[in-house]
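Below you'll find the structure, written out as structure tokens, and then a few comments.
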Amino acid sequence: MQLYKKQKLKVHNSLTGKKEDFVPINEGHIGMYVCGPTVYSFVHLGNCRTFMSFDMIFRYFKHLGFKVRYVRNITDAGHLENDADEGEDKIAKKAKLEQIEPMEVVQRYTVDFHNTLQQFNLLPPSIEPTATGHIIEQIEIIKEIIENGFAYVVNGSVYFDVVKFNESHTYGKLSGRKLEDMIANTRELTAQSEKRNPQDFALWKKAEPQHIMRWPSPWGDGFPGWHLECTAMSTKYLGETFDIHGGGMDLKFPHHECEIAQSEASCGKSPVKYWLHANMLTLNGKKMSKSTGNNIYPSEIISGENNILSKPYSAAVVRFFMMQAHYTSILDLSDDALQASEKGYLRLMEALENLPKLPTSATSDFDVQAWRQKCYDAMNDDFNTPILISNLFDAVKRINLVKEGKETLSEADKNLLVDTMSAFIHDVLGIENQAHSDDNSQTLNGIVELLIGLRNEARANKDFATSDKIRDELNALGVQLKDGKDGTSFTIN
RNA sequence: GGCAUCGUGGCCGAGUGGCUAGGCACAGCUCUGCAAAAGCUUGUACAGCGGUUCGAAUCCGCUCGAUGCCUCCA
């Protein structure tokens, strides 16, 4: 039997603001769409958090035995700098700045994006479509929206008529906004706008003669609006209505709101059953953002080359740090917090390494079955990774007790514990053991064992000056010795 | 100004009507030649003020503060 039939999951749906029982549209199958990056610069850590959160969700679905189609797009066209009529495409702007082809910009930052996510151990999505690869689909949707009377053509551009739409539908249901309020609060700055209403958004923009990124359409040469690509690609690969749509909290309005409007205006259906939003990562209490410069790049954390943190942190530690907070909470990055996470991470990894070597007994002091279910309960409650991790640390304590001979574990329970720990840490949380990833670790271990032997001889001879020298100098090199009941063990940092 | 979210012990971070996660740091103890590691013990925190309730950090109201969105952002 598939695990998902036994483990009942609840998810927080942004559309209703409530935790709801998760029931996929087609039993055993899940369609999930997550808004990917606009590839006009390097991904910063805040971007990574969102993708990591949905990676964890993707992994848990797979762990439960669901067949998941996970679509995450690459925005390589259509993302405007601002809403003004002469607004520039972000990628085209960058291309002009660096004096290269727009597609070179796209290629460069797409490669960076993939490399970075790989470092953080994210699984690739099932499909990773690009906006430029789906121009035809986008044009088709625009045609439908025009046909249904919810869009209008002006001077080679097409705009979505929000006011008209709101007469028969509700614009703002996801973000909790009312169109009347939005209109009342509009700053009247767009004097010569070709839009009927400031709330209207572009489905298709006319390309000026010097604009490089352009495609033919029934309305002339141009390029698609940003909100439209997600509607086109999610519909194509997941259908008119699918299970989960994810993205950063900052995309809730207007991006996701517009997606809902586009779907309802074209095919008449609400596109998504469960909307999931990941919260922001802050730095110094402020949102990380490319546009304000308040950000840190993953490579800077791993290399330690930055002015914010006292030392480098591995990708696994950063991932563990992120998983210690719930994905819907704001998380603030700081050196203290990362240091605390690093220590916890190392303790967890050490227990995980010791676990298979543990002695077994006829009986167990630890109810592994009950503990295992607690881990599932945590994840079933809207992917509560902090609670899951607290449960993992309960197991760490029991592992250490068994290691010291203070508690017992049966063979069967030990095996179950090994399986469960590995499943949650590696498969679900996606946390790898990077504590000893050296290629030379075999040699290194041998050398340390040799020194331990020499030290033990010195200790037997009560030559503590020598034994302490070995221990302290190894410690200075990052090799920590631990004298236990069954001899000396060590960790390498 | 509008909409939304949030304010938890030294730090990070769960919880959301009674049973008061977890990590890190600190202190004491056990173990140890000494350390380290590990284990045990200790912290009675929920912005403020009212209200509902037998009972609130958790619900309601107000005040203060922070953040996000309202123009591009994961």
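Residue numbers start from 1 in every chain, and the chains themselves are labelled A, B, ... in the order their sequence lines are given, proteins ahead of strands. Bear in mind the structure is a predicted one, so any value in this text is a computation, not a measurement.
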Does the cation-pi check pass for A/K311 over A/Y313, that is, NZ or CZ under 6.0 Å from the six-membered ring centre and within 45° of its axis? yes
Looking at the base of B/A35, is there any donor atom on it, or on the side chain of A/R471, that sits under 3.5 Å from an acceptor on the other one? yes
Can you spot which of A/H256, A/H12, A/H255 makes a ring pair (Phe, Tyr, Trp, His ring centres under 6.0 Å) with A/W275? A/H256
Could you check whether A/S53 gets within reach of a base, just the sugar-phosphate, or nothing at all, counting any heavy atom under 4.0 Å? nothing
Would you classify A/H255 as touching base, sugar-phosphate or nothing, given that sugar-phosphate means primed atoms plus P, OP1 and OP2, and contacts are heavy atoms under 4.0 Å? nothing
With heavy atoms under 4.0 Å as the rule, sort A/N384 into base, sugar-phosphate or nothing. sugar-phosphate
Can you tabulate the close N/O pairs, meaning under 3.5 Å, that link protein atoms to atoms of nucleotides 3-6 of chain B?
unit_1 : atom_1 : unit_2 : atom_2 : d
B/C3   : O2'    : A/G176 : O      : 3.3

When we call it a touch if two heavy atoms are under 4.0 Å apart, what does A/K462 touch: a base, just sugar-phosphate, or nothing? nothing
Once you apply a heavy-atom cut-off of 4.0 Å, does A/I387 come out as touching a base, just sugar-phosphate, or nothing? base
Name the nucleic acid region contacted by A/L331, choosing base, sugar-phosphate or nothing; use a 4.0 angstrom heavy-atom cut-off, strictly under. sugar-phosphate
Test for a donor-acceptor pair under 3.5 Å between the base of B/G33 and the side chain of A/D468, counting only N and O atoms. yes
Do the side-chain N and O atoms of A/E194 and A/Y159 include a donor-acceptor pair separated by under 3.5 angstrom? yes
Please classify the nucleic acid contact of A/G172 as base, sugar-phosphate, or nothing, using heavy-atom distances under 4.0 Å. nothing
Ring-base stacking, A/F464 with B/G33 (5.5 Å, 30° cut-offs): yes
Just wondering, are more than 12 heavy atoms of other shown residues or ligands nearer than 6.0 Å to NZ in A/K469? no
Going by side chain to side chain contact (heavy atoms under 4.5 Å, CB included), A/N197 matches just one of A/N166, A/V162, A/D161, A/V163. Which one? A/V163
What is the nucleic acid contact for A/K286, judged by heavy atoms within less than 4.0 Å: base, sugar-phosphate only, or nothing? sugar-phosphate
Report which part of the nucleic acid A/G247 touches: base, sugar-phosphate, or nothing (heavy-atom distance under 4.0 Å, all strands). sugar-phosphate
Under 4.0 Å from OP1 or OP2 of B/U32: is there any side-chain N or O of A/K482 that close? no
Hey, is the side chain of A/R347 pairing donor to acceptor with the base of B/C24 inside 3.5 Å? no
Check every strand shown and say whether A/A325 touches a base, only sugar-phosphate, or nothing at a heavy-atom separation below 4.0 Å. sugar-phosphate
Of A/Y297, A/F51, A/F42, which meets ring pair (Phe, Tyr, Trp, His ring centres under 6.0 Å) against A/F113? A/F51
Heavy atoms only, 4.0 Å cut-off, all strands: where does A/K287 land among base, sugar-phosphate and nothing? base
Is a donor-acceptor contact shorter than 3.5 angstrom present between the side chain of A/D483 and the base of B/A35? yes
Quick one: on RNA chain B, does A/N391 or A/Y327 contact a more 5' nucleotide (nearest heavy atom)? A/Y327
